[in-house]
Amino acid sequence: MTQPLPTNPIPGTRDFFPEEMSVRMQVFEKLYRVIESYGYLRYDGPMLEPIDLYAAKSSEEIVAHQTYVMKDRGDRTLVVRPEMTPTVARMIAAKSGSLSMPARWYSHPNLWRYERKQRGRYREHWQVNVDLFGTESWEAEAEMFEILGDMMFALGAKADDFFIRVSDRALMKAALRAVADVPDDKALDVFGVIDRMAKVPPEETRRALGELGFDPDKVLSVFSVGDPLVEFPKILTAELLASSKAWRVVTQWKEHAAPSLRELRVTFDPTVVRGFTYYTSTVFELYDASPENPRSIAGGGRYDDLVGLFGKPRTPGIGFGMGDVTLIDFLHTHGIAPAPRVAPDATVLALDEGSRAEVKRIAALLREAGLRTTTPLETKKLGKALERASKEGVRFAVIAAPAELSRGAVKLKDLVRSDEREVSIAELAASMRRALDALEVAP
RNA sequence: GUGAGUGUAGCUCAGCUGGUAGAGCACCGGACUGUGGAUCCGGUCGUCGAGGGUUCGAACCCCUUCACUCACCCCA
């Protein structure tokens with residue numbers, strides 16, 4: 001006896017059955033539209049990259065423990081992409097000199113990380129990446145938040161449903177040096193402790209900082225201040241603050257932001273750290289405001305040195321990723337996930353075998369008019385056929401029977417509103433289109 | 001990789017101190033040969049996650065293993 005093959009996908013991966021796929025497609029098509037409305041161009045890259053691409057500047061933990069690694073037949077060590085930023089930096093570097101800047105690019109890759117599955121985390125996820133290259137201006141930061149805000153609004157989120165936390169690694173590095181005598185090369189270690197601060201008891205954080213050789217009180221005086229907007233000007237110089245793009249965007253952007261975006265909740269939060277070592281200054285996260293789903297939905301930052309690693313002129317970059325898992329969790333938490341759309345618009349039913357040619361002809365007319373139309377593969381009793389169509393959620397049943405056909409007409413039955421009338425075949429498609437459009441407007 | 005919890009029909013679950021597997025929903029058919037949703041009647045469906053052990057006998061007890069869920073790590 002051979003073992004039957006398992007039907008479930010490998011751990012941490014998902015099958016997208018039509019219902020789920022429909023939700024995913026509806027969500028991301030809205031996002032594509034917003035991103036493209038800002039003039040961003042879609043690109044894609046290979047799913048496999050040499051491991052060296054990540055070894056340099058990614059996250060130690062991700063490269064060492066959370067990648068799918070393989071050797072190809074040419075003995076190259078390849079990695080299934082765990083993130084998109086190194087790939088896009090490589091592509092920008094490859095075209096260095098011929099691209100007009102700023103370059104606005106986006107993509108929607110599937111990314112793989114070998115980690116244990118948990119809420120909001122799978123091994124494969126689909127992440128929209130939005131990146132902007134070639135400018136040092138803090139308006140680039142502003143544009144990221146504007147796009148993020150419009151993406152969330154396009155999905156039906158309200159300004160209170162989410163918030164954006166921003167920090168600046170360069171600023172915090174300088175602050176640590178000035179206030180707590182932390183040398184720059186130790187700043188990442190301190191950030192690591194700060195990153196965990198919210199999840200561990202306070203004594204644990206103080207102990208860890210002490211072990212690194214720093215005065216916990218001094219370090220925490222930088223991170224645990226009440227409102228940074230009030231406290232930072234007291235402990236940091238005006239020059240330092242003015243040099244921070246993150247600081248400027250939080251303090252100045254709203255003055256000239258589009259009216260619809262002024263309600264966005266954007267706060268400066270020095271405890272935002274983020275794991276990728278390539279971030280040079282600005283780092284930010286978009287969080288779900290609901291306590292039920294306390295996850296970051298999108299995250300990103302500024303990586304001004306990444307393109308330069310490819311031996312090309314330094315090209316500043318900033319961007320973010322937004323993953324399908326946390327995003328769709330967010331939509332469900334707030335009750336704004338789109339309903340799956342898996343039903344055809346119409347089905348054309350024959351009463352007898354003799355009408356099958358007419359059925360095919362009518363179905364072709366409807367398809368030409370853009371209506372998703374099925375025809376039964378076998379002739380069943382009308383009651384059965386209607387029951388089946390109705391169960392599938394089909395809106396219209398077109399009944400092709402000899403009596404009506406002889407007048408050049410069919411019965412058009414609206415399965416949702418449960419009414420029925422005779423319609424000439426010539427007017428059939430237009431009549432159905434009108435009814436469907438009415439439904440779209442007033443669901 | 002670490003820790004905890006859970007695995008019984010397609011789904012949700014019941015199954016007594018161990019006695020040989022059930023309900024509801026779903027699905028299929030009929031009541032109804034040109035009209036769906038309701039109702040009624042009937043039917044299909046299980047290696048009780050897998051392997052081993054204890055026992056006269058295991059869905060139940062023990063061991064191992066796999067999968068799933070949640071958390072840690074990391075991050076979307």
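Below, read A as the first sequence line, B as the second, and so on, with proteins coming before strands; counting in each chain starts at 1.
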Q: Whenever both distances are under 3.5 Å in a Watson-Crick or G-U wobble pair, mark it; put RNA chain B into dot-bracket that way, with [ ] for crossing pairs and | when the partner is on another strand.
A: (((((((..((((.....[..)))).(((((.......))))).....(((((..]....))))))))))))....

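- Comparing A:D419 and A:Y287 by the nucleotide of RNA chain B that holds the closest heavy atom to each, the one mapping nearer the 5' end is A:D419.
- When each of A:L286 and A:P11 is assigned the nucleotide of RNA chain B bearing its nearest heavy atom, the one mapping closer to the 5' terminus is A:P11.
- Taking the side chain of A:E420 as heavy atoms from C-beta on, and the options B:U35, B:C74, B:A31, the nearest nucleotide is B:U35.
- With P as the reference atom, B:C60 and B:U17 are 14 Å apart, rounded to whole Å.
- The distance between the ring centers of A:F276 and A:Y303 does not fall below 6.0 angstrom.
- The phosphate of B:C70 (OP1 or OP2) has no side-chain N or O of A:R116 nearer than 4.0 angstrom.
- The base of B:A76 is paired with the side chain of A:R113 by a donor and an acceptor separated by under 3.5 Å.
- In this model, a side-chain donor or acceptor of A:E115 finds a partner on the base of B:A76 within 3.5 Å.
- At the phosphate of B:C68, neither OP1 nor OP2 sits under 4.0 Å from any side-chain N or O atom of A:K117.
- Set against B:G34, B:C68, B:G36, the side chain of A:E404 has B:G34 as its closest nucleotide.
- Computed from coordinates, the A:L349 CG to B:G36 P distance equals 12 Å when rounded to whole Å.
- Stacking is found between A:H125 and the pyrimidine-like six-membered ring of the B:A76 base under the 5.5 Å centre-distance and 30° plane-angle cut-offs.
- To the nearest whole angstrom, the two C1' atoms, one in B:U20 and one in B:C25, are 27 Å apart.
- Evaluation of atom-type donor-acceptor distances gives a pair under 3.5 Å for the side chain of A:K413 against the base of B:U35.
- For A:K381, whose side chain is taken as the heavy atoms from C-beta onward, the closest listed nucleotide among B:G36, B:A71, B:G30 is B:G30.
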